[in-house]
Amino acid sequence: MMVQSLTCIKRDTKWYTQLNIAILRQYIGDRITSGDQPASSKLFYFRAFAAVYCLLILLWNLSRFIRLNIAQFWLIFLSQWVAILSSAYFVSVSVFHRQVLRQVNSNTVRTTETVSAPSNQSAHADDIAATIKKFDLFYRATRWLFAASFAPSLSTALSNWLLNTNSETYVQKDDPDDIEKCLNSIHLHGVIFLLLFVDYFVSLSYLSYTSCVWPAALSVVYTIWTVIHYAAKISNPWHTRYIYIGLNWKYPLTASLMCVGMIASNLVIHVILAWIKYRFMLLKWTKLRDQKQAAAVQLSIEPPSVVRVQSVSQQATNAVDVIVVTDVDGAGTIPTDKMASQANVAIDASYESNVSEQCTTGSEPKDVNDSLEMTSNGMLTK
């Protein structure tokens with residue numbers, strides 16, 4: 001176990017080093033619409049919508065239990081636990097996102113990436129939790145709640161539809177409550193996971209391997225709860241001592257295997273989702289980001305030689321068109337096209353010499369026009 005923990009920490013460190021995504025940008029930036037902007041308003045709107053939607057699903061589910069006079073059993077099921085954690089995540093991350101977004105828009109917080117931050121900004125450029133203490137609680141809550149709810153939301157959805165639902169008897173067409181139960185179950189065991197997945201897919205945040213302790217902890221706590229529920233004879237809406245038929249502690253071996261399977265499935269799902277996000281989403285985004293930064297740096301240090309030569313050549317040509325001088329032996333005037341040719345040759349030689357001098361001495365380039373003079377015999381010289 002110790003070796004596996006060290007391996008997870010080592011792998012997480014490798015990811016952080018390779019990706020080098022600022023902590024702030026991980027939680028309020030997205031891969032699709034934000035571009036070079038560290039904060040994404042569209043992602044905030046989605047998270048706010050998801051928070052409201054998840055809360056409505058919970059209220060809808062609770063109202064069914066109240067109308068059926070079984071509200072005392074509402075919190076015994078794992079599905080409700082996961083839905084509450086998911087709703088808490090969207091509420092906390094929406095508040096965190098909104099507060100930090102306001103600070104970013106007012107230029108209170110600098111959000112430069114670590115890889116390109118000047119030395120005087122690197123100490124506080126990428127970690128909002130270290131610089132603004134009042135956001136620290138929301139920052140930590142978003143990490144814990146998401147890790148604790150994401151993998152279990154998928155595992156509970158799969159177990160509900162594959163193990164606990166009998167498709168032949170689950171919905172009676174003539175029973176309105178069965179239809180409502182089916183629709184509510186689709187939201188509880190499907191829509192919530194889809195909302196979490198969209199948030200995970202779009203945002204720049206990712207799951208670390210070591211954060212698998214949170215879904216594992218949820219599974220262990222719920223296992224303990226099923227034992228307490230059975231021993232205390234709390235019952236359920238169907239008047240049995242167990243919560244789920246597979247967790248009937250009258251048969252401890254079967255129930256233990258089911259609990260081990262629940263813990264293992266959450267761990268496997270967590271690791272797979274973390275690897276997919278890193279390998280196929282964030283790594284690709286990081287490479288594109290680094291390419292853009294390298295191109296921007298190259299463009300900033302590249303001298304505008306072509307533009308300068310064209311400008312100087314045009315100025316020289318315009319000047320030659322209005323100059324009339326005599327030939328070397330006084331035989332007549334030099335044609336304009338011949339004068340232009342001589343001017344261009346002189347310009348090219350002067351520019352090459354000037355650039356060479358600049359590269360050697362590091363001095364500022366001279367104006368080529370200032371180095372051209374007209375001799376007494378009418379020839380252009382340097």
For this session: State whether the side chain of Ser203 and the backbone N or O of Asp199 hold a donor-acceptor pair below 3.5 Å, judged by distance alone.
Result: yes
Seminar exercise, completed: Shortest non-hydrogen pair, Leu195 vs Cys54, comes out as CD1-SG, 3.9 Å
For this session: Applying side-chain contact (heavy atoms from CB on, under 4.5 Å), name anything that partners Ala83, two or more places apart in sequence or on another chain.
Result: Leu58, Leu188, Ile192
Problem set entry | Polar side chain donor-acceptor pair, Tyr244 to Asn236, under 3.5 angstrom | no
Problem set entry | Co-membership, hydrophobic cluster, residues Val93 and Phe44, 4.5 Å side-chain | no
Exercise. Does atom CZ of Arg279 have more than 12 heavy-atom neighbours, drawn from other residues, nucleotides or ligands, at distances under 6.0 Å?
Worked result: no
Problem set entry | Co-membership, hydrophobic cluster, residues Trp225 and Phe77, 4.5 Å side-chain | yes
Problem set entry | Residue pair Glu180 / Trp60, side-chain heavy-atom distance below 4.5 Å | yes
Exercise. Pro215 pairs by side-chain contact (heavy atoms from CB on, under 4.5 Å) with which of Ile269, Asn266, Val82?
Worked result: Asn266
Exercise. Is there a donor-acceptor contact under 3.5 Å from the side chain of Thr156 to the main chain of Pro152?
Worked result: yes
Problem set entry | Ring-face cation contact, Tyr230 with Lys250, 6.0 Å cut, 45° max | no
Exercise. Strictly by modelled atom types, are His187 and Tyr53 linked by a side-chain donor-acceptor pair under 3.5 Å?
Worked result: yes
Exercise. Relative to each other, are the rings of Phe46 and Phe49 parallel, tilted or perpendicular (30° and 60° limits)?
Worked result: tilted
Exercise. Under 3.5 Å, is there a donor-acceptor pair between the Ser153 and His189 side chains?
Worked result: no
Exercise. What pair of heavy atoms forms the shortest contact from Leu145 to Ser92, and how long is it?
Worked result: CD1-OG, 3.7 Å
Exercise. Tell me, do Thr254 and Asn248 make a side-chain contact under 4.5 Å, heavy atoms counted?
Worked result: no
Problem set entry | Tyr242 vs Leu247, side-chain contact (heavy atoms from CB on, under 4.5 Å): CA-CA, chis, key distance, verdict | CA-CA 7 Å; Tyr242 54 82; Leu247 294 176; 5.8 Å; no
Problem set entry | Ring center gap for Phe150 and Tyr200 short of 6.0 angstrom | yes
Exercise. Does the side chain of Pro237 reach to within under 4.5 Å of the side chain of Ile76, using non-hydrogen atoms?
Worked result: yes
Seminar exercise, completed: Output for pair (Phe90 CZ, Leu196 CG), nearest 0.5 Å, gives 4.5 Å
Problem set entry | Tyr251: partners by ring-ring contact (aromatic ring centres under 6.0 Å, His included), with sequence neighbours left out | none
Exercise. Within the side chain of Trp249, is there an N or O that forms a donor-acceptor pair under 3.5 Å with the backbone of Ala231?
Worked result: no
For this session: Look at atom CD1 of Ile245 and say whether more than 12 heavy atoms of other residues, nucleotides or ligands are closer to it than 6.0 Å.
Result: no
For this session: Check step by step if side-chain contact (heavy atoms from CB on, under 4.5 Å) holds for Ile84 and Leu75.
Result: CA-CA 10 Å; Ile84 291 173; Leu75 285 175; 3.7 Å; yes
For this session: If the plane angle is over 60° it's perpendicular, under 30° parallel, otherwise tilted; pick one for Tyr222 and Trp81.
Result: perpendicular
For this session: Determine yes or no for a side-chain-to-main-chain donor-acceptor pair under 3.5 angstrom, with Thr223 supplying the side chain and Cys259 the backbone.
Result: no
For this session: Could you walk me through whether Ser208 and His270 pass side-chain contact (heavy atoms from CB on, under 4.5 Å), step by step?
Result: CA-CA 9 Å; Ser208 62; His270 180 96; 5.8 Å; no
For this session: Show your reasoning for whether side-chain contact (heavy atoms from CB on, under 4.5 Å) applies to Thr240 and Ser235.
Result: CA-CA 5 Å; Thr240 59; Ser235 186; 5.8 Å; no
For this session: Indicate the ring-plane relationship of Phe280 and Trp275, choosing parallel, tilted or perpendicular according to the 30° and 60° boundaries.
Result: perpendicular
Exercise. Would you say the side chain of Tyr89 lies within less than 4.5 Å of the side chain of Arg47, judging by non-hydrogen atoms?
Worked result: yes
For this session: Quick one: closest heavy-atom pair of Ala216 and Leu267, and the distance?
Result: CB-CD2, 3.8 Å
